[in-house]
Amino acid sequence: MLEISYIRENRERVLEGLKVRNFPEEERHIVDEVLALDEKRKSLQTELDVQLSERNTLSKSIGDLFKQGKKEEATELRQKVNDLKEVASKLEQALKTTKEELTKQLLVLPNIPHPSVPAGNTDEDNEVVKDWEGPLPVLDTDAKPHWELSDKYNIFDLELGVKITGSGFPVFRGKGAKLVRSLISFFLDEAGRAGYEEVIPPLLVNEQTAYSTGQLPDKEGQMYYAEKDDLYLIPTAEVPVTNIFRDVIIKEDDFPVQLTAYTPCFRREAGSYGAHVRGLNRVHQFDKVEIVRIEHPDRSYQALDEMVAHVEGLLQKLELPYRILRLCGGDLGFTSALTYDFEVYSAAQKRWLEVSSVSNFETFQTNRLKLRYKSEKGNQLAHTLNGSALALARIIAAIIENNQSPEGIRIPKVLQSYTGFDLID
RNA sequence: GGAGGAGUGGCAGAGCGGUUGAAUGCACUGGUCUUGAAAACCAGCGUGGGUGUGAGCUCACCGGGGGUUCGAAUCCCUCCUCCUCCGCCA
């Protein structure tokens with residue numbers, strides 16, 4: 001959620017940002033509505049304070065009068081305060097309504113994009129900031145997509161997932177299962193080496209938690225919901241991990257906070273079927289190692305670069321061809337100010353698969369989280385960032401497709417000490 | 001799941017209807033003293049909102065929400081969490 005003080009001081013920039021995002025023109029008046037509601041809120045607050053202040057003073061003197069035994073005067077005053085109360089409670093109600101309306105409108109506004117974010121509508125307008133320089137792998141004509149390879153080598157079984165749960169819940173088996181576990185360990189170890197503290201968070205979260213990182217309201221449809229307990233299955237570790245710092249005020253020298261977590265991720269992905277989501281391309285449950293940082297506003301973009309470099313290092317070690325995109329305004333997530341997407345080339349499908357998304361949310365999440373740091377200027381909102389490092393299912397798709405050969409599937413060198421084998425055959 | 005107890009500032013711990021945003025101790029910050037450190041002493045030390053150029057003034061907040069009252073951390077209702085005992089259990 002944008003800070004109201006930011007909108008107040010940067011109205012033009014907010015409007016400009018909404019334009020970059022392709023936020024519907026006919027809805028941009030919300031900015032001015034928000035500003036008007038804020039003014040209303042302030043004047044109601046001022047009026048209310050006057051009333052309450054008077055009430056407090058009179059109440060005190062009633063107490064004093066009673067002590068002095070001046071009962072009649074006290075009773076008289078009591079009546080007067082009762083009248084005041086009515087005015088106050090009306091103001092209170094009006095203030096509450098105004099605040100609610102203000103929040104409701106504020107929730108509609110997405111984060112303001114970083115100046116480097118290109119304008120644009122769809123993923124076709126994303127900017128390739130780093131393309132794959134070398135040749136893309138070319139496979140034999142009889143090369144198979146990963147779902148066919150999986151059948152051949154018994155790596156994962158989607159049919160079985162259908163039986164147990166439903167479509168989109170793969171069952172990994174044998175060397176496939178071990179490959180999953182190896183990747184998770186490898187990613188966690190790499191994050192640890194880069195200074196991230198490993199955490200294992202809950203996989204179900206409450207409403208407040210889902211709200212604070214921006215999954216609620218609006219994106220309910222993306223999350224599985226356990227109605228009986230009013231809990232949501234996490235779509236990413238970002239949600240529970242970032243919320244570790246909800247309602248926290250940290251010291252300035254606590255920066256940077258660096259956390260990493262492996263979790264399964266659950267996404268409903270309602271309505272997406274078809275050839276492009278075959279196999280592991282889009283599933284409802286997948287594994288992911290996430291990195292999360294809490295940063296000083298002055299250093300958050302430097303941190304973003306470091307996170308991008310970290311993810312890049314992982315892909316290099318896995319020997320996968322990749323490219324980095326800067327998302328355009330229209331493709332940018334609601335809560336993000338700047339996002340880099342990583343895509344790996346899936347040689348048999350001859351297409352790029354998104355495997356990581358690294359974002360700076362600036363104060364958009366911390367405003368909801370109430371995550372601040374102490375500074376000389378008073379308590380300020382910190383910046384949050386996160387990125388996938390890395391998401392598994394598609395990485396596996398790319399590894400098995402790109403590394404297929406008549407002998408079997410070659411395991412990248414860095415993983416071999418984890419898997420204990422160098423070939424799936 | 002059943003029965004009982006408890007939730008107060010970073011922590012510990014008073015307060016149980018009237019200048020209590022909240023005693024006291026510890027921790028923390030600044031200062032005095034000291035060659036330095038410790039000790040001792042002095043001072044400061046929650047969050048959010050409104051208002052003012054500013055010092056400041058003011059409102060709200062004692063697990064969350066609602067209520068009673070002229071007035072609530074203190075009384076009532078409700079929800080949540082934690083602890084103890086019983087039951088169940090990886």
**Student:** Going by purine N1 to pyrimidine N3 plus the second Watson-Crick contact, or the G-U wobble pair, all under 3.5 Å, which nucleotide sits opposite B/C61?
**Tutor:** B/G46

**Student:** Do A/E362 and A/Y301 pair up side chain to side chain, a donor and an acceptor below 3.5 Å, judged on atom types alone?
**Tutor:** yes

**Student:** Please measure how far the C1' atom in B/C77 lies from the corresponding atom in B/C83, and state the result in whole Å.
**Tutor:** 24 Å

**Student:** Would you measure the distance from the C1' atom in B/G63 across to the matching atom in B/C59 and give it in whole Å?
**Tutor:** 22 Å

**Student:** I want to check something: taking the side chain as every heavy atom from C-beta on, are A/I411 and A/L179 in contact at a cut-off of under 4.5 Å?
**Tutor:** yes

**Student:** In the strands shown, is B/G1 matched to any nucleotide by a Watson-Crick or G-U wobble pair with both distances under 3.5 Å, and which?
**Tutor:** B/C86

**Student:** Would you say A/N82 reaches B/U69's phosphate, i.e. side-chain N/O to OP1/OP2 under 4.0 Å?
**Tutor:** no

**Student:** If you check every side-chain atom of A/R55, which of B/U51, B/G71, B/U47 has the closest atom?
**Tutor:** B/G71

**Student:** Under 3.5 Å, is there a donor-acceptor pair between the A/T236 and A/K288 side chains?
**Tutor:** yes

**Student:** Can you check the A/D229 CG to B/U81 P distance for me, whole Å?
**Tutor:** 10 Å

**Student:** A/I249 CD1 to B/C45 P: how many Å, rounded?
**Tutor:** 16 Å

**Student:** In the structure shown, which nucleotide is the Watson-Crick or G-U wobble counterpart of B/U81, with both distances under 3.5 Å?
**Tutor:** B/A6

**Student:** For B/U35, which nucleotide is its Watson-Crick or G-U wobble mate, given both distances must be under 3.5 Å?
**Tutor:** none

**Student:** Which nucleotide, if any, forms a Watson-Crick or G-U wobble pair with B/A73, using both distances under 3.5 Å?
**Tutor:** none

**Student:** May I ask which nucleotide in the shown strands pairs with B/U20, Watson-Crick or G-U wobble, both distances under 3.5 Å?
**Tutor:** none

**Student:** Take A/R41 and A/D38 through the salt bridge (Lys or Arg N to Asp or Glu O under 4.0 Å) test and state the conclusion after the steps.
**Tutor:** CA-CA 5 Å; A/R41 187 199 109 243; A/D38 185 45; 2.3 Å; yes

**Student:** Is the shortest distance from a Lys or Arg side-chain nitrogen in A/E190 or A/R193 to a carboxylate oxygen in the other one below 4.0 Å?
**Tutor:** yes

**Student:** What residue among A/V257, A/T366, A/N243, A/T242 forms side-chain contact (heavy atoms from CB on, under 4.5 Å) with A/L371?
**Tutor:** A/T366

**Student:** Specify the separation, in whole Å, of atom CG of A/L231 and atom P of B/C80.
**Tutor:** 12 Å

**Student:** When all nucleic acid strands are considered with a 4.0 Å heavy-atom cut-off, which category describes A/I62: base, sugar-phosphate, or nothing?
**Tutor:** base

**Student:** Side chains of A/Y153 and A/D425: donor-acceptor distance under 3.5 Å anywhere?
**Tutor:** no

**Student:** Using atom P of each nucleotide, how far apart are B/A37 and B/C28 to the nearest Å?
**Tutor:** 16 Å

**Student:** At 4.0 Å (heavy atoms only), tell me whether A/L48 reaches a base, stays on the sugar-phosphate, or touches nothing.
**Tutor:** nothing

**Student:** Provide the Watson-Crick or G-U wobble partner of B/A14, both distances under 3.5 Å; none if there is no partner.
**Tutor:** none

**Student:** Taking atom P in both B/A73 and B/G17, what distance in whole Å separates the two?
**Tutor:** 13 Å

**Student:** For A/D230 and B/G64, give me the distance from atom CG to atom C1', rounded to whole Å.
**Tutor:** 15 Å

**Student:** Whole angstroms only, please: what is the NZ-P distance between A/K96 and B/G65?
**Tutor:** 10 Å

**Student:** How far does the P atom of B/G25 sit from the matching atom of B/G36, given to the nearest Å?
**Tutor:** 28 Å

**Student:** Does A/S53 have a side-chain nitrogen or oxygen under 4.0 Å from the phosphate oxygens OP1 or OP2 of B/U58?
**Tutor:** no

**Student:** Among residues 368-384 of chain A, which contact RNA chain B at a heavy-atom distance under 4.0 Å?
**Tutor:** A/R372, A/K374, A/N379

**Student:** Using the P atoms only, state how far B/A72 lies from B/A60, rounded to an integer number of Å.
**Tutor:** 9 Å

**Student:** May I ask you to check whether A/Q258 and A/E197 show a side-chain donor-acceptor distance below 3.5 Å?
**Tutor:** no

**Student:** Which value, in whole Å, describes the distance between the P atoms of nucleotides B/G71 and B/G54?
**Tutor:** 34 Å

**Student:** Check the phosphate of B/G71 against A/K85, side-chain N and O only, distance under 4.0 Å to OP1 or OP2. Yes or no?
**Tutor:** yes

**Student:** Rounded to whole angstrom units, what separation is found between the CG atom of A/L44 and the P atom of B/U51?
**Tutor:** 12 Å

**Student:** Distance check needed: B/G66 C1' versus A/Q93 CD, whole Å only.
**Tutor:** 13 Å

**Student:** Could you check which of B/A60, B/G49, B/C70 has an atom nearest any side-chain atom of A/Q45?
**Tutor:** B/G49

**Student:** Provide the distance between the two P atoms, one in B/A27 and one in B/C42, to the nearest whole Å.
**Tutor:** 15 Å

**Student:** Does the side chain of A/N56 get closer than 4.0 angstrom to OP1 or OP2 of B/C59 through an N or O atom?
**Tutor:** yes

**Student:** Tell me: CD1 of A/I4 to C1' of B/G48, nearest whole Å?
**Tutor:** 15 Å

**Student:** According to the interplanar angle, ranging from 0 to 90°, do the rings of A/Y196 and A/H310 count as parallel (below 30°), tilted (30 to 60°) or perpendicular (above 60°)?
**Tutor:** tilted

**Student:** Using a cut-off of 4.0 Å on non-hydrogen atoms, how would the nucleic acid contact of A/K60 be classed: base, sugar-phosphate, or nothing?
**Tutor:** nothing

**Student:** Taking the minimum atom-to-atom distance to the side chain of A/D49, which one of B/C70, B/G49, B/G50 wins?
**Tutor:** B/G49

**Student:** Classify the angle between the aromatic ring planes of A/F186 and A/Y418 as parallel (below 30°), tilted (30 to 60°) or perpendicular (above 60°).
**Tutor:** perpendicular

**Student:** Among the nucleotides B/G71, B/A60, B/G49, which one has an atom lying closest to any side-chain atom of A/L52?
**Tutor:** B/A60

**Student:** Taking the nucleotide of RNA chain B with the nearest heavy atom to each, does A/L77 or A/E47 sit closer to the 5' end?
**Tutor:** A/E47

